[in-house]
Amino acid sequence: MKAYIYNGSGGPEVLELVDRPVPSLASGEVLIKVEAFGLNRADVQQRKGVYPPPPGASDIPGLEVSGRIVEIGDGVSGWKTGARVAALLAAGGYAQYVNVPAELLIEVPQSVSDIDAAALPEVAATVVSNLFVEGELAQGQTLLLHGGAGGIGSMAIQLAKAAGARVIVTASSAQKLEYCRALGAEEGINYREEDFAERVKEITEGQGADLILDVVGAKYLAQNLKSLAVGGRLVVIGLQGGAKAEANLGLLLAKRARIIGTTLRARPVHEKEEIIRQTITRVIPLLEKGQLALNVTKTFDYSEVSSAHEYFDSGKHTGKIVIKV
């Protein structure tokens with residue numbers, strides 16, 4: 001089969017198309033013929049050399065695919081060859097075939113295309129685990145969402161609104177903020193022009209946000225703490241703005257707030273299985289009712305993976321980027 005790897009660390013030029021054997025199945029796994037896969041920031045961070053795959057995982061990048069089951073391993077029940085599925089992966093998605101534990105499969109609704117399905121597993125699982133499992137977001141609460149126009153942001157806005165929360169987003173342009181409002185965000189802050197902590201204070205009449213979902217990290221820590229409500233939770237899922245910062249612990253104590261750091265990729269399968277179960281429960285009914293958009297805004301052919309990475313690096317995109325195999 002054909003697969004892409006990174007032949008070093010750097011820009012899109014390190015992507016290399018290679019020949020690899022079709023994966024053999026371990027007990028509990030299925031083999032998927034890949035129809036499409038999503039491009040995620042984690043892929044880009046791995047390409048840059050700052051986010052290596054977990055120990056034992058494939059060197060082929062890619063955290064989510066859609067496709068059809070072509071082989072079923074020992075110990076797998078409830079699935080048949082030919083089934084249309086999306087799958088959450090630790091690695092291996094940039095290939096024509098991939099093996100995955102059956103517990104990490106999502107049956108694709110009839111109304112959802114292969115392209116859209118490829119945008120589902122990683123983003124939806126990340127949002128569900130961090131908004132609702134770690135962040136305990138509830139009806140009537142306020143969510144501050146950084147990077148609202150990206151793939152995670154697009155999904156988080158919709159799921160938070162469906163849960164009855166109020167959503168405030170930050171983004172880098174008026175165009176991106178308008179995109180977020182169209183998905184259901186009530187307030188938007190251009191972080192290049194405004195102090196988001198001051199704006200959150202104004203918007204919430206001094207109360208602050210009950211939950212902050214942050215992909216930036218160190219650069220935003222001080223302002224995030226200022227933005228939290230009493231009893232608030234700050235969930236950090238990315239380090240685009242650095243890994244080290246000083247925190248005002250007095251403010252953290254005064255607000256009885258929590259800082260939570262999480263990743264999804266390196267979790268053991270049994271933890272991912274529970275996240276996938278909750279993701280299916282929250283997301284699939286909305287998809288089937290036409291109440292959730294998967295927001296694939298750009299697609300590329302398999303021969304254009306380097307171009308897809310270049311486009312991602314430009315920072316111009318909103319929503320999800322998907323590659324058709």
Side-chain angles (χ1 to χ4, degrees), residues 3-6 12 14-15 20 23 29-67 85-106 108 114-130 147 150-156 215 237-240 262-269 271-276 278-280 283 294-296 298-300 302 305 308-309 311-313 317 319-325:
Y4 281 93
I5 62 168
Y6 302 136
V14 304
L15 279 151
R20 288 288 177 86
E29 292 184 338
V30 304
L31 182 67
I32 298 172
K33 182 181 185 299
V34 178
E35 299 291 340
F37 58 85
L39 170 54
N40 290 283
R41 185 167 297 278
D43 304 338
V44 173
Q45 295 298 88
Q46 180 178 337
R47 190 199 76 211
K48 293 178 179 178
V50 297
Y51 190 41
S58 171
D59 64 336
I60 300 169
L63 303 182
E64 59 184 352
V65 299
S66 66
V85 294
L88 179 68
L89 311 171
Y94 283 36
Q96 293 176 314
Y97 293 87
V98 67
N99 56 321
V100 60
E103 298 94 334
L104 305 185
L105 297 175
I106 299 171
V108 177
D114 291 331
I115 293 293
D116 283 347
L120 173 64
E122 170 69 13
V123 162
T126 296
V127 170
V128 168
S129 64
N130 289 298
I152 288 173
S154 299
M155 178 68 69
V215 296
I237 63 171
L239 301 173
Q240 297 173 36
T262 72
T263 61
L264 177 62
R265 186 181 191 184
R267 288 176 184 253
V269 170
E271 291 186 13
K272 290 183 180 179
E273 178 184 6
E274 174 59 20
I275 290 170
I276 288 294
Q278 294 199 36
T279 298
I280 290 169
V283 172
L294 292 173
N295 298 294
V296 177
K298 191 79 169 178
T299 60
F300 291 84
Y302 195 50
V305 173
H309 275 249
Y311 179 67
F312 190 101
D313 287 354
H317 74 284
K320 286 284 292 188
I321 299 169
V322 169
I323 290 88
K324 180 173 171 46
V325 178

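- Atom CD of E35 sits about 9.0 Å away from atom CD1 of I115, to the nearest 0.5 Å.
- Between R41 and D313 there is no salt bridge, since none of the side-chain N atoms of the basic residue sits less than 4.0 Å from a carboxylate O of the acidic one.
- For the ring pair (Phe, Tyr, Trp, His ring centres under 6.0 Å) test, residues two or more places apart in sequence or in another chain that qualify with Y302 are Y4.
- When all heavy atoms of A308 and I323 are compared, the closest pair comes out as CB-CD1, 4.0 Å.
- Looking at heavy atoms from C-beta onward, V215 lies in side-chain contact with Q240 at the 4.5 angstrom threshold.
- Here F312 contributes atom CZ and N40 contributes atom CG; the two are 7.5 Å apart, rounded to the nearest 0.5 Å.
- Y6 is linked by a ring pair (Phe, Tyr, Trp, His ring centres under 6.0 Å) to nothing, counting only residues two or more places apart in sequence or in another chain.
- In this structure, V322 and A36 approach most closely via the heavy-atom pair CG1-CB, 3.9 Å.
- Residues that satisfy the side chain to side chain donor-acceptor pair (under 3.5 Å) test with Q45, not counting sequence neighbours, are absent from this structure.
- Checked against side chain to side chain contact (heavy atoms under 4.5 Å, CB included), P55 has no partners two or more places apart in sequence or in another chain.
- Counting only residues at least two apart or on different chains, the salt bridge (charged side-chain N to carboxylate O under 4.0 Å, His left out) pairs with a member in residues 50-67 are R20-D59, E64-K320.
- Atom CG of L264 and atom OG1 of T126 lie 4.5 Å apart (nearest 0.5 Å).
- Distance check, rounded to the nearest 0.5 Å: CD of E271 to CD of E103 gives 13.5 Å.
- Applying the salt bridge (charged side-chain N to carboxylate O under 4.0 Å, His left out) test to R265 and every residue at least two apart in sequence or in another chain returns nothing.
- To the nearest 0.5 Å, the span separating NZ on K298 from NE2 on H317 amounts to 12.0 Å.
- Across every non-hydrogen atom of A86 and A117, the tightest pair is CB-O, 3.7 Å.
- Between P61 and R47, every side-chain heavy-atom pair lies at or beyond the 4.5 Å cut-off.
- The shortest distance between side-chain heavy atoms of F300 and I321 falls below 4.5 Å.
- Not a single donor-acceptor pair under 3.5 Å links the side chain of S58 to the backbone N or O of G92.
- Residues V30 and I32 meet the side-chain proximity criterion, which asks for heavy atoms closer than 4.5 Å.
- Scored by the salt bridge (charged side-chain N to carboxylate O under 4.0 Å, His left out) test, E274 finds R277 as partners (sequence neighbours excluded).
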Take M155 and L294 through the test side-chain contact (heavy atoms from CB on, under 4.5 Å) and record every step on the way to the result. CA-CA 7 Å; M155 178 68 69; L294 292 173; 3.7 Å; yes
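- Every side chain to side chain contact (heavy atoms under 4.5 Å, CB included) that P23 has, sequence neighbours left out, goes to M1, L31, Y97, N99.
- Listed for the D43 side chain is no donor-acceptor partner under 3.5 Å among the backbone atoms of L39.
- Between the side chains of D114 and S66, not a single donor N or O lies within less than 3.5 Å of an accepting N or O.
- Heavy atoms only, all atoms of each residue included: A125 and T279 are closest at CA-OG1, 3.5 Å.
- Smallest separation of non-hydrogen atoms from L104 and V269: CD2-O, 4.3 Å.
- Considering only heavy atoms from C-beta on, T262 comes within 4.5 Å of R267 through its side chain.
- Annotation: the span from L105 atom CG to L88 atom CG amounts to 10.0 Å, rounded to 0.5 Å.
- Legend: residues meeting salt bridge (charged side-chain N to carboxylate O under 4.0 Å, His left out) with E273, ordered by chain and number and at least two apart, are absent.
- For the ring-ring contact (aromatic ring centres under 6.0 Å, His included) condition, the pairs that include at least one residue of residues 36-62, sequence neighbours left out, are F37-Y94.
- Nearest heavy atom pair, residue A124 against residue V283, reads CB-CG2, 4.2 Å.
- Listed by chain and number, the residues in a salt bridge (charged side-chain N to carboxylate O under 4.0 Å, His left out) with D116 amount to none (sequence neighbours excluded).
- For S154, the side chain to side chain contact (heavy atoms under 4.5 Å, CB included) partners are Y179, L183, N295, not counting sequence neighbours.
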side-chain contact (heavy atoms from CB on, under 4.5 Å), that's the test. Do V44 and H309 meet it? Break it down for me. CA-CA 7 Å; V44 173; H309 275 249; 4.1 Å; yes
